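Notes follow once the structure below has been shown.
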Amino acid sequence: HLDYYVTIVLNENNDLVIKRPTVSNKPLTPYSANQFIFHMESGMGEGWNVLTTFTFDEKTRVNGFNLQHIRMMHHRFEKVK
C-alpha cells in the first residue's frame, strides 16, 4: 500500500502542473490523447520522464490517473473531491 498524494492544477497560464509534497512542481506536457509527461529528477543529477494517463468514469469525467516510468509501473491515483 502506498500512502502518497499528488495534486494536478491549472496554473496562471492555464497549463497543467503536478504538485507533489517532496519535490518541486512540474508542468505536464501533452504527449497523446489523455496522456501527459513530466520530468522527474533522481537526486543524482539524472532523471526520467513520467507518463501520466488520465482515466474516466462512465460519464467521461476524470476519475483519476496512472503514473508510469521505468521505476514505477502503473501507480493509480484516485480523484478526491
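Only heavy atoms go into these numbers, but all of them, side chains included; no hydrogens, no water, no symmetry mates. Fair warning: this is a prediction, and the values are worked out from it, not measured in the lab. In this chain, numbering begins with 1 at the start of the sequence shown.
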Exercise for review: Can you run down the side-chain hydrogen bond (donor to acceptor under 3.5 Å, both in side chains) pairs that involve residues 49-59, sequence neighbours left out, and say none if there aren't any?
Suggested key: Gln35-Thr53, His39-Asn49, Thr55-Asn63, Thr55-Arg76, Asp57-Arg61
Exercise for review: Go through the steps to decide whether Ile18 and Asn25 satisfy the test side chain to side chain contact (heavy atoms under 4.5 Å, CB included), and finish with yes or no.
Suggested key: CA-CA 6 Å; Ile18 189 164; Asn25 300 342; over 6 Å; no
Practice item. Check whether any side-chain heavy atom of Val6 lies under 4.5 Å from a side-chain heavy atom of Phe65, and answer yes or no. Key: yes
**Study point:** Side-chain touch Ile37/Val50, heavy atoms, less than 4.5 angstrom
**Key:** no
**Study point:** Nearest atoms (heavy-atom pairs only) where Val9 meets Thr7
**Key:** CG1-CG2, 3.6 Å
Review point. Out of curiosity, does Leu51 fall in the hydrophobic cluster containing Phe56 (side-chain heavy atoms, cut-off under 4.5 Å, transitive links)?
Key: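 No, because Phe56 and Leu51 fall into different hydrophobic clusters, even though each may have its own neighbours under 4.5 Å.
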Check your understanding: Met40, Val17: one ILVMFWY side-chain cluster at the under-4.5 Å cut-off?
Key -> no
Practice item. Please list, chain by chain and in numerical order, all residues satisfying ring-ring contact (aromatic ring centres under 6.0 Å, His included) with Phe36, sequence neighbours excluded. Key: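 Phe36: ring-ring contact (aromatic ring centres under 6.0 Å, His included) contacts with Phe54.
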Review point. With sequence neighbours left out, which residue pairs that include part of residues 8-27 fulfil the salt bridge (charged side-chain N to carboxylate O under 4.0 Å, His left out) condition?
Key: Lys26-Glu41
Exercise for review: Determine whether more than 12 heavy atoms belonging to other residues, nucleotides or ligands lie under 6.0 Å from atom OH of Tyr31.
Suggested key: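 Atom OH in Tyr31 is not packed in, count stays at 12 or less.
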